[in-house]
There are 2 protein chains.
Amino acid sequence: MSKTSHANAQAGAALQARPFAPIVQRLRQAGLRPTRQRLCLARLLFEPGDRHVTAEQLHSEANAARVEVSLATIYNTLHQFTEAGLLREVVIEPGRSYFDTNVTNHHHFFLEEDGALMDIPGEHIALAQLPEPPAGLKVSRVDVVVRVTRGK
Amino acid sequence: MSKTSHANAQAGAALQARPFAPIVQRLRQAGLRPTRQRLCLARLLFEPGDRHVTAEQLHSEANAARVEVSLATIYNTLHQFTEAGLLREVVIEPGRSYFDTNVTNHHHFFLEEDGALMDIPGEHIALAQLPEPPAGLKVSRVDVVVRVTRGK
DNA sequence: AAGAAAGTTTGTAATTATTCTAAAGTTCTT
DNA sequence: AAGAACTTTAGAATAATTACAAACTTTCTT
């Protein structure tokens, strides 16, 4: 049964996210009950394609979509999804967390004026000579943020 | 020894920071009056060599050194120093800002368990093929954070 | 050096983002 | 259907940071 993604078109790009599995399945596999709230948020998050949201933004969207969800649930859900590997948290500015629906290997442009994030595909950036991590430590992740501006 | 460590010769490494100028001069050049508070904080920050502090940490240190400085002034000062190029703000975790006394080109290891930051000298890491920034935008800075752990 | 102008510091209140809590509601198992 | 397990939620609580206006220092003028 574990022919997980069946990768119909050897979709290397599809990756772990398994975009073809219905959302209910993805939640179940993550050990999360498919509640009304989680399903709605998952649709808002994953159906439009790659995006970056803050908790407040997602809350507004949910409200706009006439979905009743408390802010506490927004936070719970974002963290549970992140925990489950469905989202990735990106820290760029003090006092605000972005959640990225693209969990594949990539980095970011950050437009300082607008607070907007844009993906840089993993192949378009590369680190040469990453230094050895200090004794006994393992690299868990490397984040690259390219800050860009209009002015200046 | 690394080539950068023998700074004296045509001190390209000394950089804007001008470590030999007395602190009073550095503040004046930054357009900041050398007040008792700023001088004390500057000494706490710059005399011990490269370091990473949060506002709360610096406040504790000042208290410990029997220097009366309000938390508001700590924040003001950290931001003014950053503005003046004497410090650099590093955002790594939501809800907490670090200020780095090393303003030369470099990146960071972040030890997730302890919330500790360590410098990675600029020469020890390199980006290959940085992508073109989106139309009309200029790269103002590139931040690389290598997150490391003990466990896992 | 005195007085005024300009810039700083500070206690406190206010804000912002986020987390906590316990009660009420939902989903799953049997 | 009933109970157990898990979720949601309103609202209180926390944490980090910023705002404000009065009191204070430093610098500038004369």
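Order of the sequence lines sets the chain letters (A, B, ...), proteins ahead of strands, with each chain counted from 1. For the numbers below, each heavy atom of this structure counts, side chains included, while hydrogens, waters and symmetry mates do not.
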Closest to the Leu32(A) side chain, choosing from dT7(D), dA17(C), dT10(C)
dT7(D)

Please compare Leu71(B) and Ala55(A) by the position of their nearest nucleotide in DNA chain C and report the one closer to 5'.
Leu71(B)

Can you see if the side chain of Thr73(B) gets near the phosphate of dT9(C) - specifically, an N or O under 4.0 Å from OP1 or OP2?
no

For Phe81(A) and dT8(D), what is the distance between atoms CZ and C1' respectively, to the nearest whole Å?
14 Å

Separation of dA6(C) atom P from Arg28(B) atom CZ, nearest Å, is 18 Å

How many whole angstroms separate atom CD of Glu89(A) from atom P of dT19(C)?
8 Å

Reckon Arg36(A) has a side-chain N or O less than 4.0 Å from the OP1 or OP2 of dT7(D)?
no

Can you confirm whether Phe110(A) sits close enough to Glu93(A) that some side-chain heavy atom of one is under 4.5 Å from a side-chain heavy atom of the other?
yes

Are any of the side-chain heavy atoms of Thr82(A) and Phe99(A) separated by less than 4.5 Å?
yes

Take atom CG of Asn76(A) and atom C1' of dT19(C), then tell me their distance rounded to the nearest Å.
9 Å

Side chain of Arg38(A), heavy atoms from C-beta onward: which of dT18(D), dT7(D), dT9(D) has the nearest atom to it?
dT7(D)

If you take atom types as modelled and just measure distance, does the side chain of Arg33(B) reach the base of dT8(C) with a donor-acceptor pair under 3.5 Å?
no

Name the residue from Asp119(B), Asp143(B), Asp50(B) that meets the salt bridge (Lys or Arg N to Asp or Glu O under 4.0 Å) definition with Arg88(B).
Asp143(B)

Separation of atom CD in Gln57(B) from atom P in dA16(D), rounded to whole Å:
11 Å

Taking the side chain as everything from C-beta on, heavy atoms only, tell me whether Arg147(A) gets closer than 4.5 Å to Ile92(A).
yes

Looking for any heavy atom pair under 4.0 Å, which part of the strands does Glu68(B) touch: base, sugar-phosphate only, or nothing?
sugar-phosphate

Do the side-chain N or O atoms of His79(A) get closer than 4.0 angstrom to the phosphate oxygens (OP1, OP2) of dT18(C)?
no

Between Glu83(A) (CD) and dT7(D) (P), how many Å, whole number?
13 Å

Donor-acceptor pairs under 3.5 angstrom involving side-chain atoms of residues 34-42 of chain B: please list them, not counting sequence neighbours.
unit_1	atom_1	unit_2	atom_2	d
Thr35(B)	OG1	Arg38(B)	N	3.2
Arg36(B)	NH1	Glu68(B)	O	3.3
Arg38(B)	NE	Arg33(B)	O	3.0
Arg38(B)	NH1	Gln80(B)	OE1	2.9
Arg38(B)	NH2	Arg33(B)	O	3.4

How is Ser97(B) classified with respect to the nucleic acid when contacts are heavy atoms under 4.0 Å: base, sugar-phosphate, or nothing?
sugar-phosphate

Using a cut-off of strictly less than 4.0 Å, decide whether Thr35(B) has a side-chain nitrogen or oxygen near OP1 or OP2 of dT9(C).
yes

Starting at the 5' end of DNA chain D and moving along, which residue's nearest nucleotide shows up first, Arg96(B) or Pro34(B)?
Arg96(B)

What is the distance, to the nearest angstrom, from the CG atom on Leu39(B) to the C1' atom on dT9(C)?
14 Å

Any Tyr75(A) side-chain nitrogen or oxygen under 4.0 Å from OP1 or OP2 of dT18(C)
yes

At less than 4.0 Å, is any side-chain N or O atom of Gln37(A) found next to OP1 or OP2 of dT9(D)? Yes or no.
yes

State, yes or no, whether a side-chain contact exists between Phe81(B) and Leu45(B) at a heavy-atom distance under 4.5 Å.
yes

Measure from OH on Tyr98(B) to P on dT17(D) and round the result to the nearest Å.
11 Å

